[in-house]
Amino acid sequence: MDTPNTAPLAGIRVLDLSRLLPGPLGAQYLADLGADVVKIEDTQAGDYAPPPLRAVCNRNKRGLRLDLKHADGQAALAALARDADIVIESFRPGVAARLKADYPTLSRHNPRLVYCSITGYGQNGPQCDAAGHDLNYSAYAGVADQMGCAPDAPALSNLPVADILGGSLTAVMGILAALVDAQRTGRGRYVDIAIADGLLAGAVVPLATLNALGDTRPAGGDSLSGALACYGQYRTQDGRYLAVAALEPKFWDTLCRRLERPDLLSQHRDGGAAQQAYVKDELQRLFGARPMAHWLALLEGADCCVSPVLKLAESLAHPQFAARGMVHHTEHPAYGPGAHIASPVKMSGFQFAIHRQAPLPGEHTDQILREAGYDDAGIASLTGRGIAR
């Protein structure tokens, strides 16, 4: 029988040297599952993520500030690494080595250390030193080309798919695989995560089209991006949208019958672009004649894959996510009140909780240094000289 509420990563220590989104969010995923994550920031700018983003990407961590340009700061990091299981960093290639915070240096102190570097393009290749953001990685990976409803209307996403799918989640996958092996063999690994690689690996639907047809279809032209009338978003009279995803015949049949449009039954996915355009126009004319609430009432209980397109605040209040325990409301002592989205990983014997709000820079410096073997005089020496804060 499972021990009630035992975190699966309890006892795992993570040193998080990363900034902004991909690394901190990946480290938070580990913290949510019970790892003791120490967020290590420099003594100058630190992690310069905006406070609202910082608050939702760094919960369940402790905070330490170290000057890794100073030899004593490097020595403190080495002391922390001796008892750590995982290090995560997001410096550009070569920076960690200059700070003596790289895998060869730290693994000498701890051979079982799992060390993960998260960069835009990885540690090698002609782009490895290039700057980039989510949109750049999406562009190189052939994913930005597939976003949008038409070739001449490329879309931007407020969910940074490259940073999260290519960065955070891919990093956690690699880290956990290496951690299992380290616990089995006593030897750690260096995990090289390129955000662009991770996103490219997820482009399986356009890849299937490329393999089948010799090329991808333009944005808005593939089955999931707008070519089919049965899979799209339709504006209602009140300016809201319905998401129609009746890909299978049984869902399409149910939808047409609820809408009292039996004439559309035979026009599901067959026919060419002209027929699909006709069906789209018919659905838009129909849905546009009444407000969203009317259609939700009409389709209540119908198994036809039609959903309201919710705003995020509505999603957070939806009974489904409430039943799943996905929303937690807290108040950060510095950043104020806010909602948190819980860990999406549900498993027996474990209940997600927010044990700590995102740490302020250096909030737990003394505590963490003491755990690393520093006495009061040693801590006072580091903090007095501004090496630790």
Side-chain angles (χ1 to χ4, degrees), residues 1-41 46-47 49-66 80-81 83-90 114 116 164 168-169 171-173 175-176 179 183 316 321-372 374 379 388-389:
M1 180 180 293
D2 289 320
T3 302
N5 209 24
T6 301
L9 294 182
I12 299 299
R13 170 71 66 86
V14 181
L15 305 181
D16 176 16
L17 296 165
S18 64
R19 299 175 176 176
L20 296 175
L21 178 59
L25 185 60
Q28 179 175 279
Y29 291 153
L30 301 175
D32 286 347
L33 293 172
D36 176 19
V37 178
V38 177
K39 183 175 181 63
I40 302 177
E41 302 177 66
D47 184 351
L53 182 62
R54 181 186 177 102
V56 298
C57 290
N58 291 284
R59 66 179 177 232
N60 288 331
K61 302 179 185 179
R62 296 189 290 165
L64 165 71
R65 301 183 79 179
L66 280 180
L80 290 167
D83 293 321
D85 299 280
I86 299 163
V87 171
I88 302 173
E89 60 91 1
S90 60
V114 172
C116 179
I164 297 173
S168 306
L169 290 172
V172 168
M173 176 172 63
I175 287 167
L176 293 180
L179 181 64
Q183 292 180 333
L316 298 182
F321 296 118
R324 297 285 293 170
M326 284 301 298
V327 183
H328 292 242
H329 294 276
T330 66
E331 180 152 0
H332 193 284
Y335 306 144
H340 282 255
I341 299 172
S343 171
V345 179
K346 314 295 184 186
M347 65 177 69
S348 58
F350 170 67
Q351 180 65 48
F352 165 80
I354 298 176
H355 300 288
R356 293 189 182 94
Q357 297 283 4
L360 297 175
E363 182 176 341
H364 304 95
T365 291
D366 288 6
Q367 177 188 98
I368 295 165
L369 289 176
R370 191 167 287 110
E371 291 172 1
Y374 285 82
I379 294 171
R389 290 186 181 178

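In this text, all values refer to a predicted model and were calculated from it rather than measured experimentally. The first residue of the sequence shown is numbered 1, and numbering continues consecutively from there.
The pair R356-E363 fails the salt-bridge criterion, with no side-chain N (NZ, NE, NH1 or NH2) lying under 4.0 Å from an Asp/Glu carboxylate O. Using a 4.0 Å cut-off between charged side-chain N and carboxylate O, D85 and R13 make no salt bridge.
When every heavy atom of D47 is checked against every heavy atom of E41, the shortest pair comes out as N-OE1, 2.8 Å. Contact between Q28 and V56 at its shortest, heavy atoms only, is NE2-O, 3.0 Å. Between P51 and Y335, the closest heavy-atom pair is CB-CD2, 3.8 Å. Nearest heavy-atom pair across G325 and A342 is O-CB, 3.4 Å. The two residues S18 and G23 have their closest heavy-atom pair at OG-C, 3.1 Å. Y29 approaches L169 most closely through the heavy-atom pair CE1-CD2, 3.6 Å.
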### Message
side chain to side chain contact (heavy atoms under 4.5 Å, CB included), that's the test. Do D32 and R59 meet it? Break it down for me.
### Response
CA-CA 8 Å; D32 286 347; R59 66 179 177 232; 2.7 Å; yes
### Query
Taking it one step at a time, do H332 and L360 satisfy side chain to side chain contact (heavy atoms under 4.5 Å, CB included)?
CA-CA 10 Å; H332 193 284; L360 297 175; 3.9 Å; yes
### V114/L176 under side chain to side chain contact (heavy atoms under 4.5 Å, CB included): CA gap, chis, key distance, verdict
CA-CA 9 Å; V114 172; L176 293 180; over 6 Å; no
#### Entry: Working for side chain to side chain contact (heavy atoms under 4.5 Å, CB included), residues I86 and C116
CA-CA 8 Å; I86 299 163; C116 179; 5.6 Å; no
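Residue I88 forms a side chain to side chain contact (heavy atoms under 4.5 Å, CB included) with just one option from V14, V172, L17, and that option is V14.
In this structure the side chain of S90 never reaches within 4.5 angstrom of the side chain of L20, judged on heavy atoms. At least one side-chain heavy atom of P361 sits less than 4.5 Å from a side-chain heavy atom of R54. Side-chain contact between H329 and V327: present, with at least one pair of heavy atoms (C-beta onward) separated by less than 4.5 Å. Here the side chains of R370 and H364 are not in contact, with every heavy-atom distance at 4.5 Å or above. With contacts defined as side-chain heavy-atom distances shorter than 4.5 Å, the pair K61/P359 qualifies. Contact check for F350 versus L9: no side-chain heavy atoms found under the 4.5 Å cut-off. Counting heavy atoms from C-beta outward, N58 and V37 have side chains that stay 4.5 Å or more apart.
The CG atom of D36 sits 11.5 Å away from atom CG of L30, with the distance rounded to the nearest 0.5 Å. Taking CZ of R389 as the start and CG of D366 as the end, the distance is 13.5 Å to the nearest 0.5 Å. Atom CG in L25 sits 10.5 Å away from atom CG in D16 (nearest 0.5 Å). Of the inter-residue distances, the one linking K346 atom NZ with Q351 atom CD reads 7.0 Å to the nearest 0.5 angstrom. To the nearest 0.5 Å, atom CD1 of residue I368 and atom CG of residue L66 are 9.0 Å apart. Interatomic distance, T365 OG1 to I379 CD1, rounded to the nearest 0.5 Å: 9.5 Å.
The backbone N or O of H355 sits less than 3.5 Å from a side-chain atom of N60, completing a donor-acceptor pair.
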